Amino acid sequence: MAIPRIGVFICHCGTNIGGVVNVPEVVEYAKGLPYVVHAEANIYTCSEEGISAIKKAIKEYDLNRVVVASCTPRTHQPLFRNACADAGLNPYLFEFVNIREHCSWIHMQNRREATEKAKELVKMGVAKARWLEAQEEFESEVYPAAMVIGGGVAGMSAALNLANQGLEVHLVEKEPELGGRLLNLNRLFPINKAPDELVESIVKAVESHSKIKLHMPAVVKAASGYIGNFDVSIDEDGQETSFKVGVIIVATGAQVLKPELYRYGKLANVLTHLDLEQRLKDGELGEFQNVVMINCVGARIPERPYCSRLCCMTAIKNAALMKEINPEAKVYVLHRDLMTYGVEFEEYYRKAKEAGVRFIRYTPSKPPKVVGTKKVKSVKVYDELMDMEVELPCDLLVLATPLIPNDDNEELSRMLKVPIGDGGFFLEAHVKLRPVEFATDGIYVAGTCRWPADIRESVAQGYAAASEAAIPLRQGLVKVEAITATVDPRICKGCGTCVLVCPFDAIELKESKIRGLEGKIVAEVNAALCKGCGLCAAACPNRAIQQRGFTDVQLLSMVNALSGKR
Amino acid sequence: MKLPDTKEVQTEFKPKILAFCCNWCAYAGADLAGVSRFQMPTNVRVIRVMCSGRVPPELVIRALANGLDGVMILGCHPGECHYSEGNYLTRRRAHVLKRLLSYIGIEPDRFQLRWVSAAEGAKFSAVVKEAADKITALGPNRWGDKR
């Protein structure tokens with residue numbers, strides 16, 4: 001390794017850093033640190049001027065390491081890495097020091113100590129930089145096909161979108177029929193139409209598409225691999241089938257809660273909205289005169305705190321329909337809060353009120369009570385506005401229950417190594433900025449398996465996931481950040497501890513093919529599978545396995561710099 | 001008889017604390033604390049690692065043996081690890097590490113494990129304050145002196 005020549009760039013960030021930290025003092029301090037041959041201050045290191053200053057200094061001082069002390073690597077690391085690369089320096093010879101979020105912004109009242117802290121942080125960064133090594137990013141080919149799991153409206157939209165772009169799609173549906181939840185619905189809000197026409201047109205397009213290979217009824221049995229290169233095996237109608245895909249879209253949907261409340265399942269005239277829609281669809285509802293609907297059944301409670309979003313609109317839809325079928329009927333909706341966001345939904349609610357549906361607000365501390373032993377005869381509810389309990393005659397009680405996660409989410413989560421969040425739904429990579437991607441590259445999510453969503457939203461998410469998934473498929477190559485693990489086969493004893501701790505099955509014990517070590521059993525890392533968590537590096541009892549960019553000596557040198565040891 | 005101690009002469013003891021933060025949750029939470037301008041004690045220094053599970057126990061011991069007054073590991077909440085299960089490994093190691101620290105004569109509270117999500121800037125600030133208070137109460141780390 002050439003003798004390190006480190007350049008340090010300290011950013012004022014206008015007054016964001018410079019207003020608290022004495023930047024010139026930190027620059028002077030940095031100049032005295034080991035292997036530092038150049039240090040300077042920039043008003044904004046991320047500006048055109050700052051970037052040119054870095055590039056110029058790399059040439060002028062023959063720098064082979066660059067340290068920038070400014071904001072956070074989570075936003076600005078790519079920019080400074082690229083600046084290094086532009087100046088001919090390997091981008092992995094760059095180290096970031098955070099003196100804004102982690103210093104000036106949180107110590108605004110204590111300039112002296114903030115300056116001392118900034119110095120120490122720079123010292124730690126320089127200590128690590130001395131041990132940085134050039135890295136090559138691993139490139140791997142992308143197999144030009146996608147798998148979409150779930151043949152509901154989200155999955156079909158995603159599959160069609162990809163197929164219409166000319167990409168191969170495997171669509172895996174566990175039921176013997178495409179359409180998902182839509183098949184059970186009687187009519188859709190706010191258009192008040194039966195879903196049949198809509199479902200038929202999409203199903204027909206999917207079934208007749210030459211680029212879509214349908215697997216039905218089929219479940220995913222195993223999936224391994226990484227972006228661009230997944231091996232999938234499915235059980236299709238009792239037969240095992242395997243194929244290769246480059247990306248995966250999860251659109252497995254959700255189920256409707258069957259509650260253990262309000263005597264559901266015990267009294268014949270207590271239904272969920274889904275039951276009601278099925279009966280309406282089959283023409284089996286029969287006569288009714290007094291309908292009561294209760295919202296938020298099993299939702300927005302401590303055990304299940306989330307709002308399922310769709311139930312308010314579903315209740316309004318079905319309440320209005322009851323009035324339409326029997327204008328003489330009395331229809332009450334008991335609700336906690338009505339969520340009818342947007343222009344169309346609020347209008348829909350207003351129309352239901354005009355049609356004669358009565359809305360009564362109940363409080364969770366005094367929930368409605370069901371009266372009747374063989375059948376519901378009436379429902380008692382405390383009306384907050386009137387401050388009294390009212391008794392509503394009832395021959396049909398309909399419960400609005402939330403969508404809940406599918407039972408097989410856990411299994412799929414383990415298989416694909418994608419996370420499940422609060423409440424058991426799949427968890428996207430970022431709640432705002434990456435809503436249809438998983439943190440695992442090459443796997444995407446759409447529809448109600450992520451969160452309760454209506455048809456319009458599910459279709460939009462299906463399209464969004466498809467367009468994200470099409471990026472690697474079209475590029476044909478993916479790059480993997482070079483923070484992967486690497487094994488020194490001379491030190492490795494082949495104990496397999498790393499194999500056990502690796503969450504991505506990226507490490508295997510293999511016979512070494514290296515000259516002089518032929519036949520020795522050692523750990524081997526598949527760089528394309530490795531996500532760079534470093535678990536193996538911490539677990540290796542022989543320190544034979546290291547994580548690029550976070551090696552033991554790099555971390556130790558930071559610890560030593562902080563504690564004043566060498 | 002009380003042994004003379006030079007460190008005690010200092011008027012106010014401010015411990016030096018090292019915090020390993022995982023890139024995805026705790027480090028992002030620390031960033032958020034900064035963006036939100038939550039003011040904090042100045043004595044915590046962050047080292048970014050990709051996962052809390054990257055931190056070998058030896059490194060924590062090394063830091064304390066070097067004379068640092070406290071070491072924190074901050075990771076994603078259980079069940080929310082970016083790498084599925086890295087923080088479970090951290091949690092298991094922490095139990096053993098605490099007992100080992102006590103065995104070799106270092107107050108186990110000098111090591112603190114905390115979970116902070118990327119959305120919990122306020123919590124990051126709170127746990128840092130809490131840890132700083134706890135470690136301040138322990139006084140300077142004299143383990144190195146005793147050897």
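Given the structure is predicted, the values throughout are model-derived calculations rather than measurements.
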Looking only at non-hydrogen atoms, find the nearest pair between Y27(B) and P73(A) and report the distance. OH-CD, 3.3 Å

Is the shortest side-chain N to carboxylate O distance from E58(B) to R543(A) below 4.0 Å? yes

Please classify the contact of N23(B) with chain A as side chain, backbone, both or neither, using a heavy-atom distance under 4.5 Å. both

Residues of residues 103-111 of chain A contacting chain B, heavy-atom criterion under 4.5 Å, by residue number: W105(A), I106(A), H107(A), M108(A), Q109(A), N110(A)

The interface call for V55(B) against chain A, heavy-atom contacts under 4.5 Å, is backbone

Of all the heavy-atom pairs spanning M558(A) and I47(B), show the shortest one and how long it is. CB-CD1, 3.6 Å

Please report the interatomic distance CD(E120(A)) to OG1(T42(B)), rounded to the nearest 0.5 Å. 10.0 Å

Minimal heavy-atom distance between V46(B) and H102(A), with the atoms involved, is CB-ND1, 3.9 Å

For A28(B), is it the side chain, the backbone, both, or neither that has a heavy atom closer than 4.5 Å to a heavy atom of chain A? both

Please classify the contact between F504(A) and chain B as side chain, backbone, both or neither, with a heavy-atom cut-off of under 4.5 Å. side chain

Closest non-hydrogen atoms of L535(A) and G53(B), given as atom of the first, atom of the second and distance, are CD2-CA, 3.3 Å

Give a yes or no answer on whether the side chain of R54(B) reaches the backbone of F550(A) with a donor-acceptor pair at less than 3.5 Å. yes

Those residues that, when tested against N22(A), pass side-chain contact (heavy atoms from CB on, under 4.5 Å) (two or more places apart): P24(A), E25(A), T115(A)

For chain A, which of V71(B), L68(B), L32(B) has the most heavy-atom pairs under 4.5 Å? L68(B)

Heavy atoms only, distances under 4.5 angstrom: which of G549(A), C540(A), C533(A) has the most pairs with chain B? Name it, please. C533(A)

Go through the atoms of I420(A) and report whether side chain, backbone, both or neither lie under 4.5 Å from a heavy atom of chain B. backbone

Atom group of Y83(B) that falls short of 4.5 Å from chain A, counting heavy atoms: both

Do M124(A) and L18(B) come within less than 4.5 Å of each other through their side chains, counting heavy atoms only? yes

Without swapping roles, check the side chain of K16(B) against the backbone of L562(A) for a donor-acceptor pair under 3.5 Å. yes

Does a salt bridge link R62(B) with D552(A), judged by any charged N lying under 4.0 Å from a carboxylate O? no

Among E101(A), K531(A), Q547(A), which residue has the highest count of heavy-atom pairs closer than 4.5 Å to chain B? E101(A)

Among P56(B), S84(B), P41(B), which residue forms the greatest number of heavy-atom pairs with chain A at distances under 4.5 Å? P56(B)

What residues of residues 124-134 of chain B sit under 4.5 Å from chain A when only non-hydrogen atoms are counted? none

Neighbourhood of chain A inside residues 88-101 of chain B, taking heavy atoms under 4.5 Å as contact: L89(B), R93(B)

D31(B) side chain reached by N98(A) side chain, heavy atoms, under 4.5 Å: yes

